[in-house]
Amino acid sequence: MAITQAMCTSFKVELMTATHNFTNTTGDAFNIALFRATASIVGTFGAATTNYSDMGADEASGTNYSAGGQALTNVTPTSSGTTAYTDFADEVFTNVTITASGALIYNDTQGNRAVAVFNFGADKTATAGDMTIIFPTADASNAIIRLV
């Protein structure tokens, strides 16, 4: 299975129907799950991904990692100039033994709807240690989700 980094097309449509609420205190719950490049599903994990549950057997597994990944902490959407953006706090998978090649952010509140797919560029491994997903700076040029 190829992992293609992309904002999911279904997510773009769902923004237009007000499906997702990114407000950090009253909004939806977003999770990040880790995936393997040597996964069993035939096809591409990327823009066409619509739902976390579609990825089943492709999720990474290991010591102290739970299926479904972990909850993210939202940063309330804001804007700068003509760009609106939102972000998440860095996420730490603590004391895990795992190998992952990519990740999926999905909306747990709204039926596991896919938001974005990330390709790590290579397998990343933690052995009885922490695996940290570091999100870029939350600004109009770098935030993980930006509407330009």
Side-chain angles (χ1 to χ4, degrees), residues 1-12 14-15 19-78 83-148:
M1 177 180 79
I3 298 175
T4 304
Q5 188 155 306
M7 185 175 293
C8 299
T9 304
S10 59
F11 170 70
K12 295 174 188 178
E14 291 162 359
L15 284 176
T19 300
H20 302 275
N21 180 349
F22 284 90
T23 306
N24 71 349
T25 55
T26 59
D28 295 339
F30 293 87
N31 289 6
I32 188 164
L34 303 176
F35 290 86
R36 304 173 290 124
T38 57
S40 61
I41 289 179
V42 176
T44 300
F45 180 33
T49 302
T50 60
N51 195 288
Y52 160 77
S53 60
D54 295 340
M55 305 317 294
D58 298 325
E59 188 165 4
S61 63
T63 305
N64 295 325
Y65 177 83
S66 298
Q70 294 183 170
L72 291 168
T73 301
N74 304 30
V75 175
T76 296
T78 191
T83 302
Y85 58 93
T86 193
D87 206 353
F88 300 97
D90 293 348
E91 187 63 31
V92 179
F93 292 87
T94 305
N95 193 30
V96 293
T97 297
I98 194 166
T99 298
S101 302
L104 172 70
I105 293 176
Y106 66 96
N107 187 331
D108 187 47
T109 304
Q110 300 298 329
N112 298 331
R113 295 173 186 264
V115 172
V117 173
F118 303 97
N119 183 327
F120 298 159
D123 284 348
K124 303 297 179 187
T125 301
T127 304
D130 295 346
M131 180 176 279
T132 303
I133 307 297
I134 300 172
F135 288 100
T137 302
D139 62 31
S141 298
N142 301 295
I144 201 70
I145 299 174
R146 292 175 287 137
L147 301 175
V148 181

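Computed from a predicted model, the values in this text were never measured in an experiment.
- Here the closest non-hydrogen pair linking A103 and F120 is CB-CZ, 3.8 Å.
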Apply the test side-chain contact (heavy atoms from CB on, under 4.5 Å) to residues I3 and V117: give CA-CA distance (whole Å), side-chain angles for both, the deciding distance (0.1 Å), then the verdict.
CA-CA 8 Å; I3 298 175; V117 173; 3.8 Å; yes
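- Under the 4.5 Å side-chain criterion, counting only non-hydrogen atoms from C-beta, F30 is in contact with V115.
- At a cut-off of 3.5 Å, with distance as the only test, a side-chain donor of T99 or T125 sits close to an acceptor on the other residue.
- Nearest heavy atoms, K12 versus M7: CE-O, 3.9 Å.
- Remark: side-chain polar atoms of T86 are not paired, donor with acceptor, to backbone N or O of I145 under 3.5 angstrom.
- Taken to the nearest 0.5 Å, the OG1 atom of T50 stands 10.5 Å off from the CG atom of N112.
- Nearest heavy-atom pair, G46 versus C8, reported as atom, atom and distance to 0.1 Å: O-SG, 3.8 Å.
- Interatomic distance, CG of D28 versus CD of Q110, reported as 4.5 Å (0.5 Å rounding).
- The minimum heavy-atom distance linking R146 with T83 is given by the pair CB-CG2, 4.2 Å.
- The side-chain hydrogen bond (donor to acceptor under 3.5 Å, both in side chains) test with T23 singles out one residue from T26, T25, N21, and that residue is N21.
- Among residues at least two apart or in separate chains, salt bridge (Lys or Arg N to Asp or Glu O under 4.0 Å) pairs with a member in residues 96-115 are E14-R113.
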side-chain contact (heavy atoms from CB on, under 4.5 Å) between N142 and D87, worked out
CA-CA 9 Å; N142 301 295; D87 206 353; over 6 Å; no
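- Between Q5 and F118, the shortest heavy-atom distance links the atoms OE1-CA, 3.6 Å.
- Closest non-hydrogen pair, P136 versus A143, comes out as CG-C, 4.2 Å.
- At a threshold of 4.5 Å between non-hydrogen side-chain atoms, the residues S101 and N119 do not count as touching.
- Not one N or O on the side chain of Y52 forms a donor-acceptor pair closer than 3.5 Å with the backbone of N31.
- Between the CD1 atom in I32 and the CD1 atom in I105 there is a gap of 5.0 Å [rounded to 0.5 Å].
- Side-chain atoms of F93 and I98, non-hydrogen and from C-beta on, never get closer than 4.5 Å to each other.
- Note: F22 and F11 have perpendicular aromatic rings, judged against thresholds of 30 and 60 degrees for the angle between ring planes.
- Under the 3.5 Å distance criterion, the side-chain polar atoms of N107 are matched with a main-chain donor or acceptor of T109.
- Separation of atoms CD1 (I133) and NZ (K124) is listed at 10.0 Å; rounding is to 0.5 Å.
- Remark: F135 engages F88 in a ring-ring contact (aromatic ring centres under 6.0 Å, His included) (not counting sequence neighbours).
- In this structure a side-chain-to-backbone donor-acceptor pair under 3.5 Å is missing from Y85 to S141.
- No donor-acceptor pair under 3.5 Å is formed between the side chain of Y106 and the backbone N or O of N51.
- One finds the CE atom of M131 at 12.5 Å from the CG atom of N64 (value rounded to the nearest 0.5 Å).
- For T132 and D130, the side-chain atoms include no donor-acceptor pair closer than 3.5 Å.
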